Every structure is written in structure tokens, then in C-alpha cells.
Amino acid sequence: MTRLSSFVRGEWHTPSEGGSALVNPSTEETLATTSTKGIDFGAALSFARDKGGPALRAMTFAQRGELLRRMSRAIHDKRDELLGVGMANGGNTRSDAKFDVDGASGTLAAYADLAATLGDAQILVDGDALQLGRGARLFGQHVRTSRHGVAVHVNAFNFPAWGLAEKAACAILAGMPIVSKPATSTALLAHRLSEVLVASADIPAGVFSFVCGSAGDMLDHLGPSDVLAFTGSSDTAATLRAHKAFVERAARINVEADSLNSAVLGPDVDEGGEAMNLFIGDVAREMTQKTGQKCTAFRRLYVPKDKVDVVIERLGERLGAVKVGDPTADGVTMGPVSTAQQLADVRAGVKKLEACAKIVFGSVAPLDGIGAPAGKGYFVGPVLLRCDAPAPGDAVHSHEVFGPVATVIAYDGTAAHASALVAAGGGGLVASVYSDDRAFTRDMILGVAPYTGRVTLGSEKIAGQALPPGMALPYLLHGGPGRAGGGEELGGVRGMYLYMQRTALQGDRAVLEALTGKK
Ligand code: NAP
């Protein structure tokens, strides 16, 4: 049985015992085991801080970008192999695996491009210089510099490749070395990707470390200059936030957590129009891509009362065409959920939703997947529910079912009602509004933007070129307030801020201008 190693202190550490099993969720066959027993996390973080930090900080933004470019290319060169690993350990269809792996290489490449625009500098200039006195000499200027610590990245099970790469891109460009820890259950892909990066991307010693398995006492070793970027459930986030590293030592923490993302169909949308087609297509994709295990997937579908029946009918047609099974079998369009626990959580979650909604398509009954051994695999088909009398506090507004499940929720056709219901989700990553009515769209933006990290606007004119709402883009913000964790990632240069210290400089204008390259 393969034992997966961790890459710490510049070398691969292979566990002496089996530890946790990583399985193929279609067959339940064990693929590998991993454990972090025996790793000295204090020494691992010190190595990154003391070796990787100075090496990165000596590089300009452009040079760090060249490193990101090498990382992107190394992943792309092994694309087919990595897709196969994602299919085996993540239950991904090939298309799901591409979303993860190409998302990883694409995000690194996008940050390499951004780095080129930042050029030979090592300091980020924040806003314009300000004249402080009566004379024209005394000026103030905000700048950002790399923090002198280590960035620990803890990721969720659903995006082992992209999760590693999108955090790595921002931290490395900002000048911080990283220690990356994937969720254990699907770590095989992140492990192989790390092997590829270490072997082929010529990363300076200490800049990249990889922890495969439990985090052990790693957080106990975080100090005031360090950063934790966490992605996962709200429950784990709540435990981590209370850790002394953050409460007493003021290490930085960024949280990306649950989200009850919404799609709102405007009252003006014609049943047969392009905006409606876009809505139906987006919902069907968001529900089934990665078997609904995407933090950005729609969970709540707000539809004007008079269109609820037609929306359910059209979604039923789309969902009825979904073929659930082992992603390596012909014709399969949706794989299993990733773990036995996930399957149990989806079943229990749908039961919770049934307190305020009724199932109108599918079920969570046991299912034999196409091409999978009978009785094996964590399969569940898409489930659509209907809620005619939504209220803040009910299950559709408080419980995330992390699988191919969404609820059509009736609203009265006004932006005020739809906004209040979106807000009742307690803060989310993405809300999507489908309408050609500019007044409705404006009112929706004012109503939902304060509760949402990203708002996508679908309309007749944009229908042919719209991007999937669930796709996090390197140049736009990913993260959201409240339930979603309150964190911010990506967003171009904004993604670097977590890893940099903002400082106000006061002094001679000429000195400041020379420092910031403004003259
Ligand atoms: P999870 O159970 O909270 O685990 C997330 C990560 O935290 C894993 O790497 C886990 O490691 C680690 N972890 C757990 N306890 C820890 C501790 N005490 N100290 C340090 N690390 C610890 O979440 P999940 O089941 O993997 O992911 C699903 C959730 O993530 C969903 O709720 C989803 O909405 C959310 N998510 C959010 C985003 C976003 O960007 N907002 C993206 C993806 C997923 P082990 O696996 O080793 O236990």
C-alpha cells in the first residue's frame, strides 16, 4: 500500500505507519494511506520562515512571477496524469477534474501575468501620496511589504489542486513561503501535484512545503508574523479562530467557509427567452458539477411565484439526463460524492431541508452507480426541492447541503423580497441575478451586495458569453461575509494583501517617490 509523504524542511518525510486511508469513492477501494506522525511542525515552520522567506523576499515581483510560471507549466505538463488522480480519489468526472487541475495551472499563470505588471519592485504602493504640511515637501504614502513569517494553507477536500494553487499564487507573489495542507480524504491529487512542483518547478528551498495528513500541533507554532489561510466548514473555522495563535499572538487568519449561494430569476424574464435558458443551464451545471461539492454552487433558487412550475419542469428535464456512476465508465456525467461521511451528510441534510420544502425531483435513496461494483460507492442522484413559504431561519436559509441538491424557493417578484431572502442566508460567496430590467437589477445589487462576495448578472445580451457563476476567477474576489467566513482571496493584487503588512510612511516627498518608483 502506498504511503503518502509530506515535504517539510526541504525533504520528503515518509510516515512509518499507515494512518488515514484515502479511497476511491466509486469502488471504496483504498488507494493509499497517510500520516503526519513524527513530523516536527515547529522545525518545519521555522525552516520555511528562515530559508524560504529571505529567498523569496530577495526576489522582485517579476522574479516571483517567473517562479509561478514554472509552477503553472509543471502542472500543465502532467495534466493528463493529474486528471486521472482526481478522477480516482475525488470521484471527479474528467470535466470536473479539469475544472480543478486547469484551475490550478490557470490561476498560477494569471498571477505570473500580474507579477510581470508589478515589475522589478518589492514594495506595493497603496493609493496616492498625500501632502501633509503647508509646504510641498512633507508627504505621506501607504505601502505594503512582505510579512516575515510563514503562510500555512489548510484546504477543503473538494478542490485539492486549485485550492493549493490559488493560495500559493497569492502568497508567493506577496513574498511569503507556504506550508500547504490539503484535506486528508482527497489528498492524493495534491500529493502528486506537490511531487511534480518539487521535481520540476525549481522552487527555492523553504518556499514550498507540503503536509499530507492531520495538521497535528502545527498551529501551536504560529507567531505574530505568520498567516493561516483556511478553507473548509464553519465548524472547523470556529475551532481554529479560537486558537491562541490568533487570539493571543495575533497571527493573521483568513477563513473561506460554507455558503448558501443563490440565483434569483427576475420577474421580467420570459419563459422561452435567453435569460431563462441561461438560468436553467447555470442551475443544472452548478447542481451537478463536482457532484455539487463546490463552495460556490447554487443552493437556493429564488423564482417568482408564477414561474415556479415551469422552472421545476425545465430543471427536471435537465436533471433527468444526468448519468450517475464511476467517472471512468462510458456515459457517466456525475460521479459519487467524495467520502462516506459526505454521503451521510447529504442524506441527513436533505432530511433537514424537508422541514420547510418538499422533494420535487430525485431522492437520496441508495443508488448503484453505472460501472461501479453493486452496493459500493458513495453515489447520490441530483435532488431538487420546492419551498413555497420561505422564512428567514428555516433550513433552506441556514443549512448547507454539500452535494447535488438545490431548492426552488417562491418569492413575490419584488427585489425587496428576493433581497431579504438572499440576506437571510447570513452572507455568501456568490449571488446571481437573471434579469433584463435595470431597475430590478440595481435594487438587487443594493440589496444583496452587502451580504455577498461576488454578484453575477445574467441577462439576454450576456447569455452567449456568460461565465459559470461557480467559477472563481483569479482577477475577481473570492470570499464572502458572515457564514462564508468573512475572508477574501484572489481578486488580482487584493489576494496578496493577506500576506503583506500595510504601513503608513511619512517623510520627504522625494524620498518617498524614489522608494515607490513614482518618479
Ligand atoms: P473541514 O472538515 O472543515 O476540513 C477542512 C480542512 O481543515 C481539512 O484540511 C482538515 O484536515 C482541516 N482541519 C480539520 N480540523 C482541523 C484542526 N483542528 N486544525 C487544523 N486543520 C484542521 O471541511 P471539508 O469537509 O474538507 O470541506 C467542506 C466544506 O468546505 C464545505 O462546508 C464547503 O462549503 C467549504 N468550502 C468552502 C470554500 C470557500 O472557498 N469558501 C471552498 C471549498 C469548500 P483533515 O482533512 O486532515 O481533517
Side-chain angles (χ1 to χ4, degrees), residues 4 6 19-22 33-37 41 89-90 99-100 103 152-164 166-167 179-188 190-191 210-222 228-246 253-261 290-299 337-346 349 399-403 405 425-430 452-454 470-472 477-491 495:
L4 302 182
S6 294
S20 309
L22 284 70
T33 62
T34 194
S35 165
T36 55
K37 204 162 173 211
F41 282 108
N89 185 209
F99 196 62
D100 191 18
V152 171
H153 292 163
V154 174
N155 279 309
F157 75 85
N158 55 338
F159 281 102
W162 175 80
L164 183 154
E166 56 100 16
K167 286 184 171 66
V179 175
S180 192
K181 185 201 123 41
T184 302
S185 58
T186 57
L188 201 55
H191 180 268
F210 174 73
V211 168
C212 199
S214 155
D217 69 353
M218 180 157 55
L219 302 191
D220 295 347
H221 302 283
L222 290 179
L228 171 69
F230 168 79
T231 297
S233 63
S234 300
D235 288 348
T236 308
T239 309
L240 300 189
R241 280 185 208 278
H243 193 284
K244 283 184 178 175
F246 314 107
I253 180 169
N254 188 76
V255 171
E256 299 290 339
D258 309 357
S259 177
L260 297 166
N261 309 296
K290 287 197 129 257
T291 320
Q293 300 166 111
K294 275 189 337 197
C295 51
T296 49
F298 293 151
R299 310 290 172 201
V337 291
S338 295
T339 62
Q341 186 59 49
Q342 271 299 118
L343 180 59
D345 288 351
V346 169
H399 188 72
E400 178 196 52
V401 181
F402 207 58
V405 179
L429 295 173
V430 196
T452 316
R454 184 160 56 91
M471 184 191 281
L477 198 66
H478 175 66
R483 177 193 302 282
E488 290 191 352
E489 287 184 340
L490 301 174

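In this chain, residues are counted from 1 in sequence order. Atoms within a ligand are numbered from 1 in the order they appear, just like the ligands themselves. All of these numbers come straight from a predicted model, not from anything done at the bench.
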Within reach of ligand 1, part of Thr231 (heavy-atom separation under 4.0 Å): both
Aromatic plane relationship, Phe99 with Phe159 - under 30° parallel, 30 to 60° tilted, over 60° perpendicular: tilted
Shortest protein heavy-atom distance from atom 23 (O) of ligand 1, along with the residue and atom involved: Ser233 N, 3.4 Å
Contact atoms of ligand 1, heavy-atom distance to Gly232 under 4.0 Å: 3 (O), 5 (C), 23 (O), 29 (C), 30 (O), 35 (C)
Nearest-neighbour protein heavy atom for atom 41 (N) of ligand 1, which is reported as residue plus atom name and distance: Ala257 O, 2.9 Å
Donor-acceptor side-chain pairing of Asp258 and Ser234 below 3.5 angstrom: yes
Any side-chain heavy-atom pair of Phe230 and Glu256 under 4.5 Å: no
No-hydrogen, no-angle side-chain donor-acceptor test under 3.5 Å, Ser233 and Asp235: no
Any side-chain donor near an acceptor of the partner, Lys181 and Asn155, under 3.5 Å: no
Heavy-atom donor-acceptor pair, Thr33 side chain to Ala21 backbone, under 3.5 Å: no
Atom indices of ligand 1 within 4.0 angstrom of Pro182 heavy atoms, with elements: 9 (O)
Contact summary for Val346 and Gly403, nearest pair of heavy atoms: CG2-CA, 4.0 Å
Contact check, side chains of His191 and Leu22, non-hydrogen atoms, under 4.5 Å: no
Contact partition for Ser20 relative to ligand 1, non-hydrogen atoms under 4.0 Å: neither
Which segment of Phe159 sits under 4.0 Å of ligand 1 when only heavy atoms are counted: neither
Shortest protein contact, atom 18 (N) of ligand 1 (heavy atom only): Leu240 CD2, 3.9 Å
N/O donor-acceptor pair under 3.5 Å between Thr34 side chain and Leu4 backbone: yes
Ligand 1 contact on Glu400 by region, counting heavy-atom pairs under 4.0 Å: side chain
Numbered atoms and elements of ligand 1 in range of Asn155, under 4.0 angstrom, heavy atoms: 5 (C), 6 (C), 8 (C), 9 (O)
Element-labelled atoms of ligand 1 that are located less than 4.0 Å from some non-hydrogen atom of Phe230: 3 (O), 5 (C), 6 (C), 7 (O)
Heavy-atom gap Gly485 to ligand 1 smaller than 4.0 Å: no
Distance from atom 4 (O) of ligand 1 to nearest protein heavy atom, with residue and atom: Thr236 OG1, 4.4 Å
Per-residue contact class, Ala215 against ligand 1 - non-hydrogen pairs under 4.0 Å: side chain
Contacting atoms of ligand 1, where contact means under 4.0 angstrom from a heavy atom of Asn158: 43 (C), 44 (C)
Main-chain N/O of Val401 paired with Arg299 side-chain donor or acceptor, under 3.5 Å: yes
Nitrogen or oxygen of Ser185 less than 3.5 angstrom from that of ligand 1: no
Thr239 contact mode with ligand 1 (heavy-atom cut-off under 4.0 Å): neither
Those atoms of ligand 1 less than 4.0 Å from some heavy atom in Cys295: 36 (N), 37 (C), 38 (C), 39 (C), 40 (O), 41 (N), 42 (C), 43 (C), 44 (C)
From CA spacing to verdict: side chain to side chain contact (heavy atoms under 4.5 Å, CB included), Phe246, Leu222: CA-CA 9 Å; Phe246 314 107; Leu222 290 179; 3.9 Å; yes
Side chain to side chain, Asn254 and Glu489, heavy atoms closer than 4.5 Å: yes
Ligand-side contact atoms (ligand 1) for residue partner His478, heavy atom cut-off under 4.0 Å: 39 (C), 40 (O)
Main-chain N/O of Ser214 paired with Thr36 side-chain donor or acceptor, under 3.5 Å: yes
Main-chain N/O of Ser338 paired to Gln293 side chain as donor or acceptor, under 3.5 Å: yes
Shortest protein contact, atom 11 (O) of ligand 1 (heavy atom only): Lys181 NZ, 3.0 Å
Identity and distance of the protein heavy atom lying nearest atom 27 (O) of ligand 1: Ala156 CB, 3.3 Å
Identity and distance of the protein heavy atom lying nearest atom 12 (C) of ligand 1: Val154 CG1, 3.6 Å
Enumerated ligand 1 atoms positioned under 4.0 Å from heavy atoms of Thr184: 45 (P), 46 (O), 47 (O)
Contact partition for Leu429 relative to ligand 1, non-hydrogen atoms under 4.0 Å: side chain
Test item: protein heavy atom less than 4.0 Å from atom 48 (O) of ligand 1: no
Contact partition for Phe157 relative to ligand 1, non-hydrogen atoms under 4.0 Å: both
Donor-acceptor contact present, side-chain Arg483 to main-chain Gly428, <3.5 Å: no
Ring pair (Phe, Tyr, Trp, His ring centres under 6.0 Å) partners of Phe157, counting only residues at least two apart: Phe402
Ligand 1 contacted by Phe402 (non-hydrogen, < 4.0 Å): yes
